[in-house]
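A note on names: the letters A, B, ... follow the listed sequences, proteins ahead of strands, and every chain is numbered from 1.
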Amino acid sequence: MLLRNAEILFNDRVSPELYHMGLLCPEIAARIQPGQFLMVRVQEGFDPLLRRPFAVHRIHHNDPPTSFEMLYRVVGRGTRLLADMQAAGSLNLLGPLGRGFQVPDKDGLVLMVAGGIGIAPLPHLAETLVSSGFRGPFVLWFGGKTAADLVCVKHFKDLGFAVRLVTEDGSEGRQGLVTGHLEQWLSQQDELPEVMYSCGPYPMQRLVAEMAARLGIPSQLSMEALMGCGVGACLSCSLRCRPPKDGQDPHYLNVCQDGPVFAGEEIVWE
Amino acid sequence: MLLRNAEILFNDRVSPELYHMGLLCPEIAARIQPGQFLMVRVQEGFDPLLRRPFAVHRIHHNDPPTSFEMLYRVVGRGTRLLADMQAAGSLNLLGPLGRGFQVPDKDGLVLMVAGGIGIAPLPHLAETLVSSGFRGPFVLWFGGKTAADLVCVKHFKDLGFAVRLVTEDGSEGRQGLVTGHLEQWLSQQDELPEVMYSCGPYPMQRLVAEMAARLGIPSQLSMEALMGCGVGACLSCSLRCRPPKDGQDPHYLNVCQDGPVFAGEEIVWE
Amino acid sequence: MTSDKPVNLAVDLGPLRLKNPVMVASGTFGYGQEYAELVPPERLGAVVVKGISLEPRSGNPPPRIWETCGGMLNSIGLQNVGLRSFLEEKLPWLRPLSVPVIVNLFGNTVEEYRELAAALDGQEGIDGLEINISCPNVKAGGMTFGSDPEMAFQVVSAVKSRTNLPVITKLTPNVTDITIIAKAVEDAGTDILSLINTVAGMAVDVQTRRPRLANVVGGLSGPAIKPIALRMVWQVVQVSKVPVIGLGGIVSVEDALEFLIVGAQAVQVGTANFVNPGITLEIIDGLEDYLRQQGLEDINEIIGTLEVPRGPVGIGE
Amino acid sequence: MTSDKPVNLAVDLGPLRLKNPVMVASGTFGYGQEYAELVPPERLGAVVVKGISLEPRSGNPPPRIWETCGGMLNSIGLQNVGLRSFLEEKLPWLRPLSVPVIVNLFGNTVEEYRELAAALDGQEGIDGLEINISCPNVKAGGMTFGSDPEMAFQVVSAVKSRTNLPVITKLTPNVTDITIIAKAVEDAGTDILSLINTVAGMAVDVQTRRPRLANVVGGLSGPAIKPIALRMVWQVVQVSKVPVIGLGGIVSVEDALEFLIVGAQAVQVGTANFVNPGITLEIIDGLEDYLRQQGLEDINEIIGTLEVPRGPVGIGE
Ligand SMILES: Cc1cc2nc3c(=O)[nH]c(=O)nc-3n(C[C@H](O)[C@H](O)[C@H](O)COP(=O)(O)OP(=O)(O)OC[C@H]3O[C@@H](n4cnc5c(N)ncnc54)[C@H](O)[C@@H]3O)c2cc1C
Ligand SMILES: Cc1cc2nc3c(=O)[nH]c(=O)nc-3n(C[C@H](O)[C@H](O)[C@H](O)COP(=O)(O)OP(=O)(O)OC[C@H]3O[C@@H](n4cnc5c(N)ncnc54)[C@H](O)[C@@H]3O)c2cc1C
Ligand SMILES: Cc1cc2nc3c(=O)[nH]c(=O)nc-3n(C[C@H](O)[C@H](O)[C@H](O)COP(=O)(O)O)c2cc1C
Ligand SMILES: Cc1cc2nc3c(=O)[nH]c(=O)nc-3n(C[C@H](O)[C@H](O)[C@H](O)COP(=O)(O)O)c2cc1C
Ligand code: FES
Ligand code: FES
């Protein structure tokens, strides 16, 4: 965990609500594991007060020194301030934080599921799997409200992913919710996935976890919560989880420290 | 009184701590009287919360549409945010506000006294006098801590002012406090000034008022106070003043509404 | 899902009917005239004027305000023109306007409150009184009337005994349990409650090691205190039988809506007038937009509709 | 006028000596380990750990926090690992460090406070106890111990009767007159006072019309509350005979200095750790710089040096 000012390399609008921000901070970059996140101070001063959590989207190892990217959606005050930032400015980061994705136990079908901005942490995971020698096959199921949400598809294809798109309004790919189409698809596969990685809205995550449980395969879900500190100090970011021992009551784990990635079977869904 | 967004035309550093900001807002510009001020919202959001008061430094009638300038010193949070602003950005202004300077009753020697950033409202007054046909002679006594404080001297000279400079460190003009040299100079003049206009730190203003009173000439002092509203609604910006009738207790007037320009004899100095 | 159907913003606060629920808070809008070029008072739900006393008061020495994070401290010291000048110089300007005028008032003793109420009763152009009980009681050594249920009861009874105007009692937040004071002044007959007044606070200049306010302590207002105000309004609406006006830190239409949703029948906007003089008009328009967006037609449909989860609710960490 | 003479930052709080007056506030710094990569605990004046109870507590359902203007609301619900895990899993990491460790503790009954104090007394590696009396008293229907002088007295007496460790009592700001509570716990024998805990507050989501916190009400912390905290510390130092630790909204060295100048012997930094994890170290360095600038050599030379104008000081507008 480091506290550093990163230089903003670019901050590009990639769809009406989505931005790619490139950041230069080799020390932090060197430590990031797929699925980890950063706590970003969006402005000096104290309004807004709290840092905002963001996944690391991609790492660029090729250009020395190493840089990385965030992909974010403008939803409120903090992300609006981020969107206004200019290249060459600087951004104060705390990170990398949390427990990221685990690589699969062995090679085989790897399934990723993303809903909307839930795509954010998956490219880094995908690149890591490919560069660590996993050979897949890799499949990404990606759902959004509309075509503009479905960003960085080409990047997955370039990595050798089969990409299946779903939009609620049918403007691209299949129409409907990603989970419905995914379930149908899964039921038609001969090979079971080694693991299902997923990031997206809570109801989607829940359905993914349940599918994985029914099929008896591991799921790894990157979860969200409102965060105060990002480091496990404030106990704000609780997620109801199964107790360590059977028979005990459910307890709360910290998304920031025990997660953000959880195994589906850890979570007690509400 | 108007509430408007003005376009920032330029925002130039003119000395280590001083900035000139050009603003385009013809509606406000058309109403400004010399000595009036603006309440400036230095940032969206609510930290800093309150608007900051600034004098109007100059008006540019020549370029249609009319624009105007502020001259400000960076002293704290709000002025630092102002200094970071870029041309083409916009600034929310409330104004023009307050009771400004009165022109002299008749032509004759006009004396202006400025201490530090107290120079800010005087160019607009000087231009107004000249363009209204007053013929002076005009004299500006201008004191600062150091040479870098003594900005826009050329502008006064171009208007036909005799400019006398004083710095505390002697880096330009006479060394010492402006009031000391001014007093000595005044004692050597044959012609008494018609009026003494003054803006600067409280102790300087007090000495100017006392000199004017001793000589029996009117003084007009632009005063400062912490301000909440700038329009007379909150009663924050009180200045202890002589009561309307003799024998009554001193009362508080509002710098924002009853001033910022006061006659020296109105003020009860503390 | 916006529509263009007309929506209703009028609310009833017991004896007081407002064309919309957005009032201005005492001490932050002068006597209405100061902001009139920007905010025509007639657009407002009501105007509450700066607090007045029997005699003029010169107020505290400066400095009287200081900015804090998201807030400001003030210690104006209740400076005001006094009853007579108010009636002769300030009220005549407000009288012809078609907006309810609420006179905020305070005294140093119960007797002074009583006299003021009597003097204001029946004056043309006054539509209600708002009792400021956050003032020090000179007989009780400076303890405020509003922090003691018995003293608060007495003040409100005294005012009620001498006026037929609707009486609003304005509560101070500087108490352990605001519902106790609310109930006391309700028992004393207040028609309406308003809350909160400012929260006592302080700031220091570390260079000079002096207080930022000449009076040392002042009242904190502005968005910093909004969560405190909203909590207290919610506590009070649960026990009170009279309508409640919510205020404290409102700077946006969302803020105003929060107060209405927890159960305030109207809101007052204070410090925000300084920051954005157009804010009251923006809030009024914003309330209409919100109703349209939600497919509603009447602001009363959202008042007091907070959906609270089952189970116990604790205070404190 | 800076010099390079060494300056003294050490302060004595009765039985507790700190190498500098900058502590971290309970609940905002975990058990010291969470921020250790950035803030070596040994640089701090003291570490106050997250509040512990006899049994582990799972805390409130999420959402547990919400950001407000200049502040945040939290309703963690006193989640903690419980006494046993604290002693077995958390304390051993802290024990070898040369920094005073203060254990923040709370109970639902006076008896629970007593038991906790007894269990912690004599544990190696604990240098003091901080009693959180802002917790609901289950026997008094959820009213907090800290809002009633009698209950506060009982809790502190119970703890004092079972420990030889220095006892800090942490006061809640949600009271009419904090000096009454301060005097009560002083009579009960507290060695030190700390204040303030969070201010009760609330926020609402206007789209869903639900509270932002599952618990509805939470505690407000952060710079928004600093003026309130400073005022209360100033009130308390004037009546108290024991040392006072000031906290509430400290985010900068100036803030810390304000508390010291009004008379706090030390400060705690809470919410600011989340915003800028390096802030405690910056404050410690900043205190040194300030002393040098002012030509002073010892932090004790500024404590309680507020210059207050003559004449009466009122509260309230
Ligand atoms: C581990 C983690 C990783 C994330 N990664 C990304 C990412 O890569 N790209 C992206 O666009 N978003 C990501 N999010 C969500 C992102 O943090 C929020 O969208 C952002 O905080 C909103 O800030 P705001 O000020 O614009 O919104 P506001 O609604 O104004 O924020 C108000 C408060 O709520 C919090 N908040 C609001 N929405 C969320 C949310 N969904 N999750 C957590 N806190 C929230 C804010 O942090 C702030 O404290 C991530 C969240 C978590 C927990
Ligand atoms: C009528 C009037 C006209 C002014 N004209 C000019 C001008 O033309 N150029 C210029 O540089 N300055 C001018 N000032 C002073 C200017 O308002 C302050 O320097 C500025 O508000 C400082 O803001 P800050 O946030 O940088 O300082 P901070 O010290 O961080 O401000 C904290 C608070 O104190 C207030 N404050 C601080 N210093 C002053 C001050 N001297 N007067 C009033 N309020 C103050 C701020 O408004 C703010 O509310 C004028 C003041 C008044 C009253
Ligand atoms: C400068 C100032 C003067 C005030 N004067 C009065 C007053 O005379 N009477 C009164 O009842 N409240 C007075 N108040 C309190 C406000 O009416 C209001 O209760 C408080 O500021 C909280 O609301 P806000 O946060 O919207 O400002 C004053 C507040 C301010 C800031
Ligand atoms: C997330 C969080 C958890 C807290 N937990 C505790 C606690 O367990 N015990 C306690 O006495 N105070 C607790 N507090 C209160 C803080 O210690 C402190 O009194 C308060 O936050 C005010 O200081 P600040 O504004 O610097 O944060 C907590 C505060 C926060 C924000
Ligand atoms: S955000 Fe503080 S514990 Fe997770
Ligand atoms: S600043 Fe409000 S009355 Fe002058």
Side-chain angles (χ1 to χ4, degrees), chain A residues 1-5 27-28 31 39-53 75-78 92-98 202 223-241 243-244 248-258 267-268 270, chain D residues 24-39 49-51 56-81 212-214 218 220-224 226 249 251-252 255 270-279 281:
Chain A
M1 181 198 321
L2 298 169
L3 183 65
R4 290 290 185 276
N5 286 321
E27 286 172 286
I28 288 184
R31 303 180 180 213
M39 289 294 277
V40 175
R41 187 157 179 196
V42 291
Q43 187 172 260
E44 278 184 55
F46 299 97
D47 179 38
L49 182 70
L50 298 173
R51 288 172 180 265
R52 276 26 183 179
V75 297
R77 180 97 194 284
N92 188 267
L93 307 178
L94 175 67
L97 301 170
Y202 192 91
M223 303 298 291
E224 284 193 358
L226 297 178
M227 291 187 174
C229 68
V231 306
C234 74
L235 312 182
S236 300
C237 58
S238 349
L239 182 70
R240 205 171 181 81
C241 286
Q248 292 179 330
D249 285 339
H251 66 162
Y252 290 114
L253 293 183
N254 297 329
V255 171
C256 72
Q257 198 186 31
D258 303 308
I267 299 169
V268 179
E270 356 215 5
Chain D
V24 284
S26 177
T28 67
F29 208 74
Y31 300 96
Q33 216 169 340
E34 290 79 357
Y35 279 114
E37 281 178 65
L38 300 173
V39 182
V49 299
K50 172 71 187 162
R57 282 176 59 123
S58 60
N60 289 330
R64 290 180 173 188
I65 56 163
W66 184 249
E67 191 183 58
T68 68
C69 182
M72 62 174 272
L73 289 164
N74 87 77
S75 68
I76 308 304
L78 297 163
Q79 173 178 343
N80 78 98
V81 298
R212 291 288 189 180
L213 300 175
L220 184 65
S221 64
K226 196 199 65 177
V251 299
S252 67
D255 292 340
T271 302
N273 292 305
F274 308 158
V275 182
N276 174 9
I279 185 61
L281 306 181

Are side-chain heavy atoms of [X] and [Y] found at a separation under 4.5 Å?
X: D:Asn276; Y: A:Leu3; result: yes
X: A:His251; Y: A:Leu253; result: yes
X: D:Tyr31; Y: D:Lys50; result: yes
X: A:Cys256; Y: A:Val231; result: no

Exercise. Based on non-hydrogen pairs under 4.5 Å, which of A:Gly228, A:Cys237, A:Gly230 is most in contact with chain D?
Worked result: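 The residue among A:Gly228, A:Cys237, A:Gly230 with the greatest pair count is A:Gly228.
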
Exercise. Given the options A:Pro250, A:Ala225, A:Cys234, which has more heavy-atom pairs under 4.5 Å with chain D than any of the others?
Worked result: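 Ranked by heavy-atom pairs under 4.5 Å with chain D, first place is A:Cys234.
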
Please classify the contact between [X] and chain D as side chain, backbone, both or neither, with a heavy-atom cut-off of under 4.5 Å.
X: A:Arg41; value: side chain
X: A:Leu2; value: backbone
X: A:Leu226; value: both
X: A:Met39; value: neither

Exercise. Which heavy atom in A:Pro53 sits nearest to a heavy atom in A:Met227, and how many Å separate them?
Worked result: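 A:Pro53 and A:Met227 have their closest heavy atoms at CB-SD, 3.9 Å.
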
For this session: Mind listing the closest non-hydrogen atom pair of D:Asn74 and D:Leu213 along with its distance?
Result: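 Heavy-atom minimum between the residues: C-CD1, 4.4 Å.
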
Exercise. Taking every heavy-atom pair that is under 4.5 Å apart, which of D:Gly222, D:Gly71, D:Gly278 has the most such pairs with chain A?
Worked result: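 Greatest number of close heavy-atom pairs with chain A: D:Gly71.
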
For this session: Flag the one option from D:Thr28, D:Asn80, D:Val251 with the top tally of heavy-atom pairs under 4.5 Å to chain A.
Result: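 Greatest number of close heavy-atom pairs with chain A: D:Val251.
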
Side chain / backbone / both / neither for [X] at chain A, heavy atoms under 4.5 Å:
X: D:Pro61; value: both
X: D:Ile65; value: both
X: D:Thr271; value: side chain

Problem set entry | Greater than 12 external heavy atoms within 6.0 Å of A:Glu44's CD |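 Not more than 12 within 6.0 Å, no.
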
For this session: With sequence neighbours excluded, tell me which residues meet salt bridge (Lys or Arg N to Asp or Glu O under 4.0 Å) with A:Glu27.
Result: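 A:Glu27 satisfies salt bridge (Lys or Arg N to Asp or Glu O under 4.0 Å) with A:Arg4 once adjacent residues are dropped.
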
